[in-house]
Undergrad: 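Sharing a structure with you now.
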Amino acid sequence: MPLPGVTAIVLVHDRVTYLREALDSIRAQDYAGEIRILLVDDGSTPPARERFGGDLSDVQVVRQPSRGPAIARQLGAETARTDLIAYLDDDDLWPVDSLSRRVAFLLAYPEVPVVAGDVDHFRDDIAPGPPWYRDRFLRLRTAPHRVTVDPPAGRIFPRDALVDFVLLNTPFYAQSILAWRDWFLASGGWGGAHLMFAEPFDFAYRATRTGPVGYLDAVTAHIRRGHTQMTGNLQQSRLEETRELAWWSQQLPPRERQIVRPRLARRFLVHGFTWVRQGRVAPGLALARAALPLLGRDPIGFVRQPWHRAAATSAG
């Protein structure tokens, strides 16, 4: 059987400093199947093709007015014509075996429509550090209902098993995701035009609530830090993300709101208190204030509830 084709969807907005490295990391993949590169220009001025000045002969370029990452990613998924889609930002990189590992996982477990891999972070002057999820979020390895699969090494999380991980910790990076395109579009993709900062939560939550979700125990993306992000200042982006998540949670059906809003409140409180301890008092208090309307009827009881019990409750 031939290997399925993959479209690597690359987002760019104004910044092209690292775009050559990002594209070269896709071209260097050891995946034996077809790889198409689709560059989505989110309103760069002048257009990214003109700003870049490099070789784009093997790259399909689509352009839209500046509408943010969620709409740009959605446009990429709708434009792609391969069975599988993956994402990379203009400043990030894929290890050479990123696609081959993720495709192997989905082919080995056809019941899984989407797999996410681990990531690490680096700066121009600092080499990649330890894997982000493996070392920082041990709960990912101890989540209820997990199934360890090997080869390829990873886990399959049934429906609802990762609800609390997504809402209390962090969603999977878009740069580490590989999904069957038809499932991705049918599930709602990256959501609506209202989300510019919180679209990974929206996607990760819906994927988790439909399940199953695969997780690959290997670094599949190098995330660049130490420079201006596509969405602006990282601290300001976190504040905007918080406001969007509060709005997003209010749009959910009542039963979904009961699951989501207290967990988001705990997330906001933890981040807010962390910022205050670090001396960033004003933004930390802003995050804490955003949590208050979301706490629900029994905030103290929920905050004290062990994570694994909360996850088991939502899974039921």
Undergrad: Which heavy-atom pair separates A72 from V40 by the least distance, and what is that distance?
TA: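 Looking at all heavy atoms of both residues, the closest pair is O-CG1, 3.6 Å.
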Undergrad: Of all heavy-atom pairs between L38 and G76, which one has the smallest distance, and what is that distance?
TA: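 Shortest heavy-atom separation between L38 and G76 comes out as CD2-O, 3.4 Å.
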Undergrad: Within this structure, what is the CG-CD1 distance for the pair L185 and I85, rounded to the nearest 0.5 Å?
TA: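 It is 6.0 Å, given to the nearest 0.5 Å.
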Undergrad: Would you call R63-D42 a salt bridge at under 4.0 Å N-O?
TA: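 Salt bridge: no.
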Undergrad: Identify whether V10 and I177 are in the same connected component of the hydrophobic contact network (ILVMFWY, side-chain heavy atoms under 4.5 Å).
TA: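 Per the 4.5 Å side-chain linkage, V10 and I177 are co-clustered.
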Undergrad: Does the pair E241/R243 count as a salt bridge with the N-to-O cut at 4.0 Å?
TA: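 Answer for the salt bridge query: no.
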Undergrad: Any side-chain heavy-atom pair from V6 and V103 closer than 4.5 angstrom?
TA: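 V6 vs V103: side chains touch.
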Undergrad: Between R263 and Q258, which heavy-atom pair has the shortest distance, and what is it?
TA: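 Smallest heavy-atom distance, with atoms named: NH1-O, 4.3 Å.
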Undergrad: Say whether, by atom type as modelled, one donor and one acceptor occur between the side chain of T7 and the main chain of I9 under 3.5 angstrom.
TA: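 A pair under 3.5 Å: no.
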Undergrad: Do you reckon I37 sits in the same ILVMFWY cluster as V61, going by side-chain contacts under 4.5 Å, direct or chained?
TA: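 As far as the 4.5 Å side-chain criterion goes, V61 and I37 are connected within one cluster.
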Undergrad: Just so I know, are the side chains of V119 and P131 near enough to count as touching, which here means a heavy-atom distance under 4.5 Å?
TA: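 They are not in contact (no side-chain heavy atoms under 4.5 Å apart), so the answer is no.
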Undergrad: Mind checking the CD-CZ spacing from E78 to F184? Nearest 0.5 Å is all I need.
TA: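 It comes to 9.5 Å.
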Undergrad: Between Y133 and F165, what is the ring plane arrangement, given parallel below 30°, perpendicular above 60°, and tilted in between?
TA: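 Tilted: the ring planes of Y133 and F165 meet at 30° to 60°.
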Undergrad: Return yes if a side-chain donor-acceptor contact under 3.5 Å exists between S100 and D97, otherwise no.
TA: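 The criterion, which ignores hydrogens and geometry beyond distance, is not satisfied for D97 and S100.
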Undergrad: Would you say the side-chain atoms of R261 and Q250 include a donor-acceptor pair closer than 3.5 Å?
TA: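 Yes, because at least one side-chain N or O of R261 sits under 3.5 Å from a partner of the opposite role on Q250.
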Undergrad: Any chance you could measure S25, atom OG, to L99, atom CG, to the nearest 0.5 Å?
TA: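 Interatomic distance, S25 OG to L99 CG, rounded to 0.5 Å: 9.0 Å.
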Undergrad: According to salt bridge (charged side-chain N to carboxylate O under 4.0 Å, His left out), who are the partners of R49, at least two apart in sequence or on a separate chain?
TA: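 Partners of R49 by the salt bridge (charged side-chain N to carboxylate O under 4.0 Å, His left out) criterion come out as none, since no residue qualifies.
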Undergrad: Decide whether L39 and V62 are clustered together by the hydrophobic rule: side chain heavy atoms of Ile, Leu, Val, Met, Phe, Trp, Tyr closer than 4.5 Å, transitively.
TA: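 Hydrophobic grouping puts L39 with V62.
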Undergrad: Strictly distance-based, threshold 3.5 Å: is any side-chain N or O of R266 a donor or acceptor partner for the main-chain N or O of P262?
TA: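 Checking the backbone N and O of P262 against the side chain of R266, no donor-acceptor pair under 3.5 Å is found.
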Undergrad: What are the two closest non-hydrogen atoms of V112 and L106, and how far apart are they?
TA: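 Where V112 meets L106 most closely, the heavy atoms are O-CD2, 3.3 Å.
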Undergrad: Judged by atom type as modelled, is there a donor-acceptor pair below 3.5 Å linking the side chain of D14 to the main-chain atoms of T45?
TA: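 Here the side-chain-to-backbone pair exists.
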Undergrad: Check whether Q29 reaches the backbone of P95 with its side chain - one donor and one acceptor, N or O, closer than 3.5 Å.
TA: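 Indeed, once roles are kept as given, a pair shorter than 3.5 Å links the two residues.
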Undergrad: In sequence, state the C-alpha distance, the side-chain angles, and the governing distance for R224 and R123, and then conclude on side chain to side chain contact (heavy atoms under 4.5 Å, CB included).
TA: CA-CA 6 Å; R224 194 184 303 265; R123 290 171 39 174; over 6 Å; no
Undergrad: Not counting sequence neighbours, which residues clear side-chain hydrogen bond (donor to acceptor under 3.5 Å, both in side chains) with D83? List them please.
TA: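 In terms of side-chain hydrogen bond (donor to acceptor under 3.5 Å, both in side chains), with neighbours along the sequence ignored, D83 is linked to no residue.
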Undergrad: Would Y205 and L245 satisfy side chain to side chain contact (heavy atoms under 4.5 Å, CB included), going step by step from the backbone distance to the final call?
TA: CA-CA 12 Å; Y205 179 72; L245 285 172; over 6 Å; no
Undergrad: Does the side chain of D124 come under 3.5 Å of the side chain of Y18 through a donor N or O and an acceptor N or O?
TA: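 Present: a donor and an acceptor within the cut-off.
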Undergrad: Any donor-acceptor pair under 3.5 Å linking the side chain of R280 with the backbone of R277?
TA: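 No, the answer is negative, given that no donor and acceptor are paired below the 3.5 Å cut-off.
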Undergrad: State whether the side chain of D89 and the backbone N or O of D92 hold a donor-acceptor pair below 3.5 Å, judged by distance alone.
TA: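 Not a single qualifying donor-acceptor pair exists.
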Undergrad: Could you pull out the closest heavy-atom pair between D90 and R15, with the gap in Å?
TA: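 Distance-wise, the nearest heavy atoms are OD1-NE, 2.8 Å.
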Undergrad: Would the distance check show the side chain of R101 and the main-chain N or O of L216 forming a donor-acceptor pair, the cut-off being under 3.5 Å?
TA: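 Between the backbone of L216 and the side chain of R101 there is no qualifying donor-acceptor contact (under 3.5 Å).
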Undergrad: Working to the nearest 0.5 angstrom, can you tell me the gap between R225 CZ and D91 CG?
TA: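 Between atom CZ of R225 and atom CG of D91 there are 8.5 Å.
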Undergrad: What distance separates L3 CG from L107 CG, expressed to the nearest 0.5 Å?
TA: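 Rounded to the nearest 0.5 Å, the CG-CG separation comes out at 6.5 Å.
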Undergrad: Is there a side-chain contact between D120 and P130, using heavy atoms and a 4.5 Å cut-off?
TA: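 Not touching, per the 4.5 Å side-chain cut-off.
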Undergrad: Going by heavy atoms in the side chains, are F52 and R20 under 4.5 Å from each other?
TA: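 Sidechains of R20 and F52: in contact.
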Undergrad: Who passes salt bridge (charged side-chain N to carboxylate O under 4.0 Å, His left out) against R181, sequence neighbours left out?
TA: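 For R181 there are no salt bridge (charged side-chain N to carboxylate O under 4.0 Å, His left out) partners, ignoring immediate neighbours.
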Undergrad: Kindly say whether D41 contributes a backbone atom to a donor-acceptor pair with the side chain of S44 at under 3.5 angstrom?
TA: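 Flag not set: sc S44 to bb D41 has no pair under 3.5 Å.
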Undergrad: For R102 and S98, what are the C-alpha separation, side-chain angles and deciding distance, and is it a side chain to side chain contact (heavy atoms under 4.5 Å, CB included)?
TA: CA-CA 6 Å; R102 285 181 284 168; S98 178; 2.7 Å; yes
Undergrad: Is the distance between the ring centroids of F203 and F172 under 6.0 Å?
TA: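 Not close enough - the centres of the two rings lie 6.0 Å or further apart.
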Undergrad: On a heavy-atom basis, which atom in L75 and which in Q64 lie closest, and how many Å separate them?
TA: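 Nearest heavy atoms, L75 then Q64: CD2-OE1, 3.7 Å.
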Undergrad: Check V260, D202, I259 against L252 for a side chain to side chain contact (heavy atoms under 4.5 Å, CB included) and give me the one that passes.
TA: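 Among V260, D202, I259, the one meeting side chain to side chain contact (heavy atoms under 4.5 Å, CB included) with L252 is V260.
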Undergrad: Centroid-to-centroid, H121 to W132, below 6.0 Å?
TA: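 Between H121 and W132, the centre distance is under 6.0 Å.
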Undergrad: I would like to know whether E199 and E244 meet side chain to side chain contact (heavy atoms under 4.5 Å, CB included); could you show each step before the answer?
TA: CA-CA 9 Å; E199 87 281 358; E244 284 193 2; 5.7 Å; no
Undergrad: Between L287 and L285, is there a shared hydrophobic cluster once you connect ILVMFWY residues whose side-chain heavy atoms come closer than 4.5 Å?
TA: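 They do not share one cluster, since no chain of ILVMFWY contacts under 4.5 Å joins L287 to L285.
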Undergrad: If we count only N and O atoms by modelled type, under 3.5 Å, do the side chains of R206 and T210 hold a donor and an acceptor together?
TA: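 Note: R206 and T210 side chains miss the donor-acceptor criterion.
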Undergrad: If you round to the nearest 0.5 Å, how far is CH2 of W248 from CG of L264?
TA: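 Output value for this atom pair is 6.0 Å.
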Undergrad: Please check if the side chain of S176 supplies one atom and the backbone of G117 the other of a donor-acceptor pair under 3.5 Å.
TA: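 Looks like yes, one N/O pair under 3.5 Å.
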Undergrad: Under the ring pair (Phe, Tyr, Trp, His ring centres under 6.0 Å) criterion, do Y173 and Y87 qualify, and how do the steps go?
TA: CA-CA 9 Å; Y173 281 80; Y87 288 95; over 10 Å; no
Undergrad: Mark yes or no for whether Q74, through its side chain, and W190, through its backbone, hold a donor-acceptor pair below 3.5 Å.
TA: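 Yes: the side chain of Q74 pairs with the backbone of W190.
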Undergrad: So if you build clusters from Ile, Leu, Val, Met, Phe, Trp, Tyr with side-chain heavy-atom gaps below 4.5 Å, do I223 and L88 land together?
TA: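 As far as the 4.5 Å side-chain criterion goes, L88 and I223 are connected within one cluster.
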